[in-house]
Asks: 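Before we start, here is the structure in question, set down as structure tokens.
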There are 2 protein chains.
Amino acid sequence: MARIVDVARRAGVSTATVSRALNGKNVRPELAAAVRDAVAELGYSPDRTARSLRRRHSEVIALVLPDVENPFFTAVARGVEDVALEAGLSVVLCNTDDRADKEERYLAVVHDEKMAGVLLAPATSTPSIDKLVGHGRSVVVFDRRVTHAVDQVTFDNRSLGYRAARALADRGFRRIACITGPAATSTAVDRADGWRDALRDAGLAADDDLLVHANFRVDGGYEALGVLLDRSPTADAVLATNNLAGVGVLRALADRYGRPLPSPGAGAGGKVTGPELGVGVVGDLPFATSRTSDVTLVPLSPRSLGVTAARLLLGRIAGDDAPARHIVQEIEDATVSARTAR
Amino acid sequence: MARIVDVARRAGVSTATVSRALNGKNVRPELAAAVRDAVAELGYSPDRTARSLRRRHSEVIALVLPDVENPFFTAVARGVEDVALEAGLSVVLCNTDDRADKEERYLAVVHDEKMAGVLLAPATSTPSIDKLVGHGRSVVVFDRRVTHAVDQVTFDNRSLGYRAARALADRGFRRIACITGPAATSTAVDRADGWRDALRDAGLAADDDLLVHANFRVDGGYEALGVLLDRSPTADAVLATNNLAGVGVLRALADRYGRPLPSPGAGAGGKVTGPELGVGVVGDLPFATSRTSDVTLVPLSPRSLGVTAARLLLGRIAGDDAPARHIVQEIEDATVSARTAR
DNA sequence: CAGTGAGCAGCAATCGATTACAGCAGGAAG
DNA sequence: CTTCCTGCTGTAATCGATTGCTGCTCACTG
């Protein structure tokens, strides 16, 4: 494999000049051209390992996720990856299963590998990033809030919950339940808060027994629906504050009643009887196998979230040292996609 | 940050001894203990960049995928990640969008970053891996076949297609169509071949107009169903040879007819009339929002595929230089999960 | 014409770990 | 007692690119 000395010899210059020519420093044009030719002839590409050693950081960033199998996070990964590729960075994917120990382990790897930065969707509200930040590594937290003074990119989760609940109320539902995630997850809490506010504003009750905490996975939503129907049989709609919980709710309803979702007050349309439940979901259902036009969806834009977070990180890596920012990611499509009540 | 010389000084030995102690070479036990203590006291962890430079390869492997947003591949990623973490390797995720140019670019990065190896689900049947293999980099191709003499891990795709089609035939369907992927994708071709064989064996016609080529995404399946119904209105079942195509088919049916799937020969049960179509899918539907008990599913085990491929790669990285192998990944759960015909 | 400064190129140090080689101690064999 | 061998340990070279420092050239100024 060609090394920098080979290029230097062939171009008749020193390795220092080759390095500078390749890195856009000031070099006399004719020498730069000679270097370019030599590089082309030898098919040289710099050894990134050596470069990283000397520069003291690599051209790799880590994307630390609670769950790579969640389509929300894979869409985030897409956005991150596009931005990173553009900038010549590689993305290392790390899956924490929402466990603090795995997260910590990966953050240690980020450190040892001298990665340029980390994009972190934290498993807890107090991730172990102090050491990284202390060593000047760039860190951007996204999706969920943390207490540290680091860059953060989140949605306006309270507003998302509010809009979803409000849309259900506008469709005519009167007892709107909420299935949300663990109390330790800021998105779960914030969206539930929005749900509560919307119900108050609509003059509806937001009783405690209308709120169910589950995990933010399909099984969580599935089981939570059962819990909810037992506890609050009078509920006429349910809001799932996360995409997978929403999938679980929809599947549970399909398994129980096997028919399309109702409008408020409509009689039982199909042959199977059961409660008339309206469904709202904060998030997207890219792999839904049923019609979703009856579901009150508040779509997110996970890809944009990834793009925003990645751009912010790139800026930091490039040397931006302004105080930590908290960016609220706008939703591209602000409309709630569901038929309005007839 | 503590370096190896700091550890050496503190333990009263040379850096060589520290290195050997840490890498399991022969070192007098009391010195090894001293090193261990010094490492613990200083919180030392070796700089992987320097190690990679010297060892001439890093502790990172690349996972090159056609589509990170496909749950099949994210499940593969999970399997790979678990094995890699266990072995102290990091996984870089690369998304090619099934494009040869992006794939080539990522394979170049694999080379320049001196990554230990690459797991590749190739975009074409002739990926640019010769240079990597030539430089002694370990390569394992999975999911799709290639013509190179490299390690490969695939399912028995013909058998998968066969079993799915056979199960539909056993349920009583007589004109079973097939929606498969691009003709350039080996999985698409092999599974369609299996479908054809099953129909022949069952004494059914496998006319050309029952086979539709689409892309292996949701929109592909969705549109293909329309094409199919136009072209072959007499079809009474359809087999989607891939998970996302299956999602597309199911959603298209839900949008058109808005009701659960029928058994063969049953009258129109719901209020909307339309063709009575049985559905089979090769793959899993982890995010289905409808009941899937009427769908003839041939589940795969993408996670195991990832585990197998990763283990094979680790073996190669560790120095296994046996001739290239082609492993056929067994399906864990060989049963076709669908109600049998009533 | 001497002095000053800008611009550029090269030498050599540097990043931090691994490892070839040489040296040394202690035991076995002759 | 000498020789040889085995088994550790330490010194220093090494991986390959980047960059601080020095010094040269050339243009411009006074």
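What you see is a predicted model; the values in this text were computed from it and never measured. All chains are named by letter (A, B, ...) in the order of the sequence lines, taking the proteins before the strands, and each is independently numbered beginning at 1.
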Asks: Can you measure A:Asp112 atom CG to C:dG16 atom P for me and round it to whole angstrom units?
Replies: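 Rounded to whole Å, this separation is 13 Å.
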Asks: Round to the nearest Å and state the distance from A:His111 atom NE2 to C:dG16 atom P.
Replies: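 So the two atoms are 11 Å apart, to the nearest Å.
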Asks: For C:dG7, does OP1 or OP2 lie under 4.0 Å from any side-chain N or O of A:Asn26?
Replies: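 Checking C:dG7 against A:Asn26, no side-chain N or O comes under 4.0 Å of OP1 or OP2.
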Asks: For C:dG16, does OP1 or OP2 lie under 4.0 Å from any side-chain N or O of A:Arg56?
Replies: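 It does, given that an N or O in the side chain of A:Arg56 lies less than 4.0 Å from OP1 or OP2 of C:dG16.
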Asks: Going by the side chain to side chain contact (heavy atoms under 4.5 Å, CB included) test, name the single residue among A:Val83, A:Val153, A:Val80, A:Val76 that passes it with A:Val307.
Replies: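 Only one of A:Val83, A:Val153, A:Val80, A:Val76 forms a side chain to side chain contact (heavy atoms under 4.5 Å, CB included) with A:Val307, namely A:Val83.
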Asks: Going by the rule side chain to side chain contact (heavy atoms under 4.5 Å, CB included), which residues pair with B:Ser128 if we only count those two or more places apart in sequence or in a different chain?
Replies: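 Side chain to side chain contact (heavy atoms under 4.5 Å, CB included) list for B:Ser128, sorted by chain: B:Glu104.
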Asks: Between atom NE2 in B:His57 and atom P in D:dG16, what is the gap in whole Å?
Replies: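 It is 14 Å, rounded to the nearest whole Å.
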Asks: So which one's nearest nucleotide on DNA chain D is more toward 5', A:Arg20 or A:Ala50?
Replies: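 Upstream on the strand: A:Ala50.
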Asks: Taking CZ from A:Arg55 and C1' from D:dG16, how many angstroms apart are they, rounded to a whole number?
Replies: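 A:Arg55 atom CZ is separated from D:dG16 atom C1' by 13 Å.
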Asks: Main chain of A:Ala123, side chain of A:Glu103: is a donor-acceptor contact present, judged purely on distance under 3.5 Å?
Replies: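 Here the side-chain-to-backbone pair exists.
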Asks: Calculate the interatomic distance between A:Ile4 atom CD1 and D:dA17 atom P; express it in whole Å.
Replies: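 It is 5 Å, rounded to the nearest whole Å.
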Asks: Does A:Arg28 place a side-chain N or O at less than 4.0 Å from the phosphate oxygens OP1/OP2 of C:dA9?
Replies: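 Answer is yes, contact under 4.0 Å.
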Asks: How long is the line joining CZ of B:Arg9 and P of C:dG16, in whole Å?
Replies: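 One finds 13 Å between P of C:dG16 and CZ of B:Arg9, rounded.
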Asks: Between D:dA17, C:dC15, C:dG10, which one does the side chain of A:Leu53 approach most closely?
Replies: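 Selected nucleotide: C:dC15.
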Asks: How many Å lie between CD on A:Glu113 and P on C:dA17, as a whole number?
Replies: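 These atoms are roughly 13 Å apart.
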Asks: Which whole-number value in Å describes the distance from B:Arg3 CZ to C:dT18 P?
Replies: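 That distance rounds to 14 Å.
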Asks: Heavy-atom distance under 4.5 Å between the side chains of B:Val118 and B:Arg137, does that happen here?
Replies: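 Result no, sub-4.5 Å side-chain heavy-atom pair not found.
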Asks: Counting side-chain heavy atoms from C-beta on, which of D:dG16, C:dA9, D:dA13 comes nearest to A:Thr17?
Replies: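 Minimum distance to the A:Thr17 side chain belongs to C:dA9.
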Asks: Would you mind telling me which residue lines up with the more 5' stretch of DNA chain D, A:Arg54 or B:Thr15, judged by nearest nucleotide?
Replies: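 Its nearest nucleotide lies further toward 5', so the answer is B:Thr15.
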Asks: Respond yes when some side-chain nitrogen or oxygen of A:Lys25 is under 4.0 Å from OP1 or OP2 of D:dT19, and no when none is.
Replies: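 Yes.
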Asks: With sugar-phosphate meaning primed atoms plus P, OP1 and OP2, does A:Val18 contact a base, only sugar-phosphate, or nothing at under 4.0 Å between heavy atoms?
Replies: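 No contact.
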Asks: A:Asn157 and A:Thr187: side chain to side chain donor-acceptor pair (under 3.5 Å), yes or no, with the steps?
Replies: CA-CA 6 Å; A:Asn157 287 299; A:Thr187 48; 5.7 Å; no
